[in-house]
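Okay, structure first, notes after.
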Amino acid sequence: MSKNILVAVAWPYASGARHLGHVAGFGVPSDVFARYQRLVGNNVLMVSGTDDHGTPITVRAEREGKTPREVTDFYNAEIRNNLRDLGLSYDLFTRTSTENHYQITQAFFTRLQEKGYIFAKEMIGTYSEADKRFLPDRYVEGTCPHCGYTKARGDQCDNCGKQLDPVDLIEPRSTLSGATPIFKPTTHFFLNLPAFVERLREWISSQEHWRPNVKRFSLGLLEEVPARAITRDLTWGVPIPVEGDEFDGKRIYVWFDAVIGYLSAAVEWATKVGRPEAWREWWLNPEARHYYFMGKDNIVFHSVIWPAMLIGHGELELPYEVVSSEFLTLAGGEKISSSRAEGNSIPFVGEFLAQYDPDPLRYFLVIAGPETSDTEWSLSEFIRRNNEELVATWGNLVNRVLSITHKNFGHVPTPQALTAEDEAALATVRNAFETVGKELEQAHFKAALIATMAAARSVNEYLASQEPWKVLKTDRERGGTILYVALQAINNLRTLFTPFLPFTSQKLHELLGNEGYLAGPLLFEERQESQHSHEVLTCEPSTWVGRWEWSDLPAGRELAAPTVLFKKLELPTE
RNA sequence: GCCGAUGUAGCUCAGGGGUUAGAGCGAACGACUCAUAAUCGUUAGGUCACUGGUUCAAUUCCAGUCAUCGGCACCA
């Protein structure tokens with residue numbers, strides 16, 4: 001009956017601190033989805049990790065006089081802390097610089113090579129003697145042969161927009177050292193993507209449930225798919241599993257290995273929980289559904305390249321759904337990319353959570369996040385929505401019901417026969433399990449949260465119409481019945497809000513005297529391999545108690561005096 | 001340049017070939033006082049960017065225009 005659901009979340013790049021745009025794009029939506037699926041009773045495996053490889057990390061390491069591993073150790077820890085503090089309930093959040101990942105990546109490479117999907121080819125690389133390295137095109141600068149712009153990059157001229165090749169540049173120089181590079185041949189491996197075009201087209205065309213923009217974009221990409229180089233001249237990364245000295249200074253391209261992380265992380269998780277073959281229940285199970293979450297800049301890797309690799313592999317499951325977010329922007333539409341995070345005013349996750357609670361941020365990122373189009377980030381809007389929506393509608397509802405109950409009864413009152421109005425109020429909340437669930441099922445997070453808030457609002461309406469504070473003065477029994485109904489409502493809204501607001505839902509869970517974890521703690525766990533150890537972020541959802549269905553709060557249960565779920569916020573004055 | 005996206009009420013955004021185009025917030029008026037001065041009700045009348053086209057019918061499909069944004073292979 002339960003389905004196996006893989007929640008595959010994009011891998012944040014361990015080259016620096018992550019900002020709110022990153023967690024808005026893949027983090028919060030994937031966690032809402034995973035928590036909902038667990039409440040429904042499905043077997044969820046939610047995995048990701050930091051992407052530890054690539055040129056920017058090696059460059060940063062050199063600039064800081066550190067090793068790439070030290071750099072990624074630092075940012076992996078910071079990102080892990082961010083994700084934990086935001087309540088992102090990964091079954092396993094690991095990293096790509098593990099022995100497990102190296103082995104699985106190499107095996108994947110070898111398998112594709114044996115099946116003829118990978119071939120070697122000589123190409124011209126840009127080499128800098130001064131930097132002692134080959135330079136990615138973006139690290140080469142020079143004068144544009146078309147427009148004379150002196151700061152054109154090796155891949156493109158920002159002035160005239162023309163695409164370039166480093167050899168085209170007049171007076172090329174390394175952006176790292178300023179030295180003049182030379183061009184020399186270097187051999188690399190290519191993934192033969194054209195071999196997969198027909199199968200990909202057929203597969204994507206048959207995905208009726210994909211969002212039209214993702215589908216159209218992906219099919220568009222197939223119009224022209226070249227073979228793609230999957231190795232680089234680098235010394236930090238997964239070594240190429242091919243015999244020969246000429247490959248010593250080369251590594252597998254970060255994106256080729258990062259997507260394999262979805263598989264290697266599942267294997268690592270299975271090992272960790274002591275059931276080494278358990279990953280097969282997701283990866284070799286045609287009934288399993290794989291959902292991928294990412295920002296729109298990553299669609300190509302998840303809808304084309306990774307599926308091609310999976311088709312080439314031959315045994316593993318393909319994506320069921322590719323859920324892509326748009327971008328969180330600053331006022332004025334400026335894109336917030338990782339490479340430009342420094343110097344603009346989008347807050348880093350760590351800084352932000354040092355000042356604000358995670359649930360209000362999660363609320364904002366779902367209700368006002370870039371689900372279907374770019375949306376703007378604004379601190380004043382965040383505070384406004386916290387105060388006028390989250391606090392006023394939901395936080396205040398909980399507080400008023402618990403306060404009046406505590407003041408008049410101290411426990412859940414025993415109800416008399418329910419009136420039609422009582423039944424209607426309960427039915428509205430009861431029905432929300434279906435309406436909200438249907439939206440979440442389709443990854444419509446914003447609509448789901450709006451529907452949940454509407455259910456909360458309906459309880460405020462019920463209270464306004466029944467006026468228990470008035471009734472209590474003349475008819476204590478009836479007043480108690482109204483409060484009983486309201487308590488049942490918030491007890492169930494607690495469950496409905498759990499995917500979005502795990503921390504405060506857990507708090508309410510406890511305020512209402514319920515046992516156990518509705519949304520449990522997230523943990524760090526040390527994993528030792530032969531050369532290194534690393535820490536992973538994990539949790540124990542199998543021990544959590546919530547179910548996506550109506551539950552009764554028993555009459556007579558003692559209720560303590562409430563404390564508020566959400567604080568009102570003020571805009572900083574400076 | 002090529003490809004794509006977006007342009008809907010004061011604000012932030014949904015929606016979608018067809019009765020009076022929606023939500024939240026703001027604003028106005030009223031009700032209430034249990035509650036974090038929170039809540040509830042009523043109201044606010046936006047040429048759904050512009051111009052053509054297809055259609056019995058378009059804001060919703062198509063084309064063009066304007067504006068904004070993104071992708072365009074070794075950036076992740």
Side-chain angles (χ1 to χ4, degrees), chain A residues 10-15 51 53-57 123 125-126 134-139 146 153-156 160-163 165-166 188 190 193 213 216-217 220-221 223-233 253-255 258 295-301 305 326-327 329 332-335 337-339 367-376 378 381 384-385 387-389 391-393 395-408 444 446-447 449-451 453-454 457 459-465 467-472 479 482-483 486 562-568:
Chain A
W11 294 56
Y13 198 50
S15 64
D51 179 359
H53 300 137
T55 304
I57 284 170
M123 58 191 289
T126 311
F134 279 89
L135 300 170
D137 289 359
R138 297 220 168 179
Y139 285 81
H146 303 285
R153 289 182 318 201
D155 58 338
Q156 179 175 345
C160 66
K162 286 209 165 59
Q163 281 177 53
D165 196 281
H188 280 292
F190 286 71
L193 283 170
N213 60 332
R216 197 164 24 206
F217 181 75
L221 289 170
E223 293 301 312
E224 198 170 313
V225 182
R228 201 148 169 148
I230 56 170
T231 54
R232 294 288 183 278
D233 291 287
Y253 175 41
V254 280
W255 250 106
K296 64 180 169 186
D297 52 340
N298 273 336
I299 291 176
V300 60
F301 297 102
I305 296 177
E326 304 287 307
F327 288 136
T329 63
E334 184 185 353
K335 181 190 168 191
S337 72
S338 52
S339 57
I367 203 91
E371 185 171 310
T372 56
S373 61
D374 291 358
T375 57
E376 292 187 357
S378 138
E381 184 67 2
R384 208 221 82 219
R385 283 193 184 263
N387 292 350
E388 291 166 13
E389 297 179 10
V391 171
T393 301
N396 183 56
L397 170 63
V398 169
N399 192 234
R400 67 195 297 210
V401 171
L402 292 181
S403 293
I404 191 172
T405 303
H406 180 256
K407 200 175 297 177
N408 289 281
H444 295 166
K446 183 178 298 192
L449 185 48
I450 287 173
M453 288 293 281
R457 205 168 292 115
V459 182
N460 278 322
E461 292 166 21
Y462 168 77
L463 290 173
S465 74
E467 301 182 305
W469 49 89
K470 228 180 239 179
V471 174
L472 278 169
I482 296 166
L483 293 180
T563 53
V564 301
L565 296 184
F566 310 98
K567 294 179 296 229
K568 287 198 82 165

Polar pairs (N or O, both sides) under 3.5 Å between protein and nucleotides 21-24 of chain B?
residue	atom	partner	partner atom	Å
B/G24	O2'	A/E389	OE2	2.8

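Comparing B/G70 with B/C62, their P atoms are spaced 24 Å from each other, to the whole Å. The gap from the C1' atom of B/U20 to that of B/A44 amounts to 16 Å, rounded to the nearest Å. Comparing the P positions of B/U55 and B/C66 gives an interatomic distance of 27 Å, to the nearest angstrom. Comparing the same atom, C1', in B/U8 and in B/G46 gives a spacing of 8 Å after rounding to whole Å. Spacing between B/A28 and B/A38 at atom P, rounded to whole Å, works out to 14 Å. Here the separation of B/C72 from B/U59, taken at their P atoms, is 36 Å to the nearest Å. Between B/A21 and B/G45, the two P atoms lie 15 Å apart (nearest whole Å).
Residue A/M123 is classed as a base contact, given a heavy-atom separation below 4.0 Å to a base. Using a 4.0 Å heavy-atom distance criterion, A/V391 is classed as a base contact. Among the atoms of the strands shown, none is found under 4.0 Å from any heavy atom of A/I230.
In this structure, A/H188 NE2 and A/D233 CG are separated by 3.5 Å, a value rounded to the nearest 0.5 Å. Between the CG atom in A/N399 and the OG1 atom in A/T563 there is a gap of 8.5 Å [rounded to 0.5 Å]. To the nearest 0.5 Å, atom CD of residue A/E467 and atom CG of residue A/L472 are 11.5 Å apart. Separating the CH2 atom in A/W469 from the CD1 atom in A/I404 is a distance of 7.0 Å, to the nearest 0.5 Å. For the atom pair A/L483 CG and A/R400 CZ, the distance stands at 10.5 Å (nearest 0.5 Å). The CG atom of A/L193 sits 7.5 Å away from atom CZ of A/R228, with the distance rounded to the nearest 0.5 Å.
Counting heavy atoms from C-beta on, the side chains of A/Y462 and A/R457 never come closer than 4.5 Å. Using a 4.5 Å heavy-atom threshold, the side chains of A/V564 and A/V398 count as separate. With contacts defined as side-chain heavy-atom distances shorter than 4.5 Å, the pair A/F190/A/T231 does not qualify.
A/I404 places its CD1 atom 7 Å from the P atom of B/C34, with the value rounded to the nearest Å. Rounded to whole Å, the distance from CD1 on A/I299 to P on B/C72 is 12 Å. What separates CG of A/L565 from P of B/A35 is a distance of 16 Å, to the nearest Å. Rounded to whole angstrom, the span from the CG atom of A/N408 across to the C1' atom of B/C34 amounts to 8 Å. Atom NE2 in A/H444 sits roughly 11 Å away from atom C1' in B/G15 (whole-Å rounding). Regarding A/H188, its NE2 atom lies at a distance of 12 Å from the P atom of B/C74, rounded to whole Å. For the pair A/D51 CG and B/A76 C1', the interatomic distance rounds to 7 Å; values are reported in whole Å. Atoms NZ (A/K470) and C1' (B/U33) sit 9 Å apart, rounded to a whole Å.
Contact check, A/K568 against B/A38: a side-chain N or O comes under 4.0 Å of OP1 or OP2. Within the structure, every side-chain polar atom (N or O) of A/Y462 is placed at least 4.0 Å from both OP1 and OP2 of B/C40.
The minimum heavy-atom distance linking A/I367 with A/K446 is given by the pair O-CE, 3.4 Å.
Proximity note for A/R232 (side chain, C-beta onward) versus B/C40, B/A76, B/C74: the nearest is B/C74. Distances were taken from every side-chain heavy atom of A/K446 (C-beta onward) to each of B/U33, B/C40, B/C13; the shortest belongs to B/C13. Set against B/A38, B/A76, B/C40, the side chain of A/Y13 has B/A76 as its closest nucleotide. Distance from the side chain of A/P56 is smallest for B/A76 among the nucleotides B/C74, B/U39, B/A76. Of the candidates B/A76, B/A35, B/U33, the closest approach to any side-chain atom of A/N399 belongs to B/A35. When the nucleotides B/A76, B/U36, B/A38 are ranked by their closest atom to the side chain of A/A392, B/A38 comes out on top.
Helical stems in RNA chain B, defined as runs of 3 or more consecutive Watson-Crick or G-U wobble pairs with donor-acceptor distances under 3.5 Å: B:1-7 with B:66-72, B:10-13 with B:22-25, B:27-31 with B:39-43, B:49-53 with B:61-65.
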Report the C-alpha distance between A/W255 and A/I305 in whole Å, list the side-chain angles of each, state the deciding distance to 0.1 Å, and finish with yes or no for side chain to side chain contact (heavy atoms under 4.5 Å, CB included).
CA-CA 9 Å; A/W255 250 106; A/I305 296 177; over 6 Å; no
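Take the nearest nucleotide of RNA chain B for A/P12 and for A/V401: the residue whose nucleotide is more 5' is A/V401.
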